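Computed from a predicted structure; not experimentally measured. Lettering follows sequence order; numbering is per chain, from 1.
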There are 2 protein chains.
Amino acid sequence: MLSERIQAHIRDIQNFPFEGIVFKDLTPVLKSPSLCREIAEAISEQLRPLKPDALVCIESRGFWFGLMVASNLNIPMIPVRKEGKLPYKTISENYKLEYGHAKLEMHIDAIQPGWQVVIHDDLLATGGTAEAVAKLVRKQGSAVIGFSFVVELSYLEGRKVLEAYSSHVQTITTY
Amino acid sequence: MLSERIQAHIRDIQNFPFEGIVFKDLTPVLKSPSLCREIAEAISEQLRPLKPDALVCIESRGFWFGLMVASNLNIPMIPVRKEGKLPYKTISENYKLEYGHAKLEMHIDAIQPGWQVVIHDDLLATGGTAEAVAKLVRKQGSAVIGFSFVVELSYLEGRKVLEAYSSHVQTITTY
């Protein structure tokens with residue numbers, strides 16, 4: 001099973017980035033090109049029936065699989081970045097992390113009004129980051145028709161937060 | 001020509017991130033999945049003869065094409081990130097940007113001694129960032145056998161800096 005093989009590559013890091021948090025380190029997954037291709041293909045298979053107009057990818061771990069998946073689906077890859085990183089005019093959204101605050105930005109011409117997009121990141125924890133991006137997408141007059149993650153930490157219940165935006169919350173492996 | 005088509009998609013941003021700098025914005029390129037596939041394939045063709053053991057990719061724009069190219073070459077993708085972002089034990093390197101300072105980190109077990117690696121980023125400017133990564137690679141007992149960028153700003157002469165590490169400085173389009 002793909003899920004088991006991914007988990008065999010994921011490394012638990014105790015107390016990162018803060019005391020009491022067990023961080024799921026996906027970097028060992030990136031060492032296996034065949035596993036990465038399988039993951040990108042599995043994500044693409046999940047999203048293909050939704051016929052998204054674009055894949056909105058969250059800096060920076062959401063960039064790892066972003067372009068491969070968008071390429072498989074033959075749709076634009078739209079980067080969402082931290083404050084001050086995107087060079088052209090942006091819209092922004094503040095959000096709360098489980099450990100801190102941050103601001104995310106998207107270029108104002110990145111997506112078109114009326115588009116139906118999927119939001120992608122490597123990992124679903126509390127859902128706060130992906131929710132902020134969903135708000136950015138809606139501000140642009142576009143619809144969120146799904147969310148896509150490689151890993152879900154189900155005990156943090158981020159899925160509940162995101163299902164207010166779309167019932168399609170797709171993940172490849174779940175803890 | 002691929003080079004002309006890439007440049008037709010790149011957007012000049014005046015005075016970003018600082019006064020007097022003309023920033024080459026590649027985000028419009030990401031909107032074209034066919035162009036992105038062509039770029040990833042062109043980079044892969046440049047690097048294939050070098051037979052690299054891994055592709056070391058620099059956060060975060062170096063992650064855009066990183067996994068697609070590493071997948072094409074069937075080699076590990078190794079992320080280099082800004083300070084404090086990688087969860088496991090790291091080695092680090094300080095470096096000077098054309099506008100500021102920063103620290104880059106790599107996991108201590110990311111690459112093996114004796115490996116021959118290529119360093120990838122989206123854009124070659126002064127070469128300071130890629131040079132810092134080359135130093136990280138050498139600290140690990142590995143060899144830098146090439147550098148790969150989508151865009152080269154030749155007037156900043158970063159190529160001269162990097163050729164001290166490897167004669168293979170590969171780019172897809174040059175200004």
Under 4.5 Å from a heavy atom of chain B, the part of Ile75(A) involved = backbone
Does Arg48(B) come within less than 4.0 Å of Glu41(B), counting only side-chain N to carboxylate O?
-> yes
Does any heavy atom of chain A fall under 4.5 Å from the side chain of Lys89(B), the backbone, both, or neither of them?
-> neither
Identify which part of Leu73(B) has an atom lying under 4.5 Å from any heavy atom of chain A, answering side chain, backbone, both or neither.
-> neither
Would you tell me whether Ser32(A) and His9(A) have side-chain atoms, one donor and one acceptor, within less than 3.5 Å of each other?
-> no
Heavy-atom proximity to chain A below 4.5 Å, by part of Ile13(B) = side chain
Just one of Asp122(B), Thr173(B), Asp12(B) clears the side chain to side chain donor-acceptor pair (under 3.5 Å) bar with Lys24(B), so which one?
-> Asp12(B)
What residue in Ala70(B), Ala110(B), Cys57(B) has the most heavy-atom pairs under 4.5 Å with chain A?
-> Ala110(B)
Can you tell me if Arg37(A) and Asn74(B) form a side-chain donor-acceptor pair at under 3.5 Å?
-> yes
Side chain, backbone, both or neither of Pro87(B) within contact of chain A (heavy atoms, under 4.5 Å) = both
Under 4.5 Å heavy-atom distance to chain B, tell me which part of Leu55(A) shows up: side chain, backbone, both or neither.
-> neither
For the residue pair Ala42(B) and Ile172(B), what are the closest heavy atoms and their distance?
-> CB-CD1, 3.8 Å
Given side chains that start at C-beta, do those of Pro79(B) and Leu30(A) come closer than 4.5 Å, heavy atoms only?
-> yes
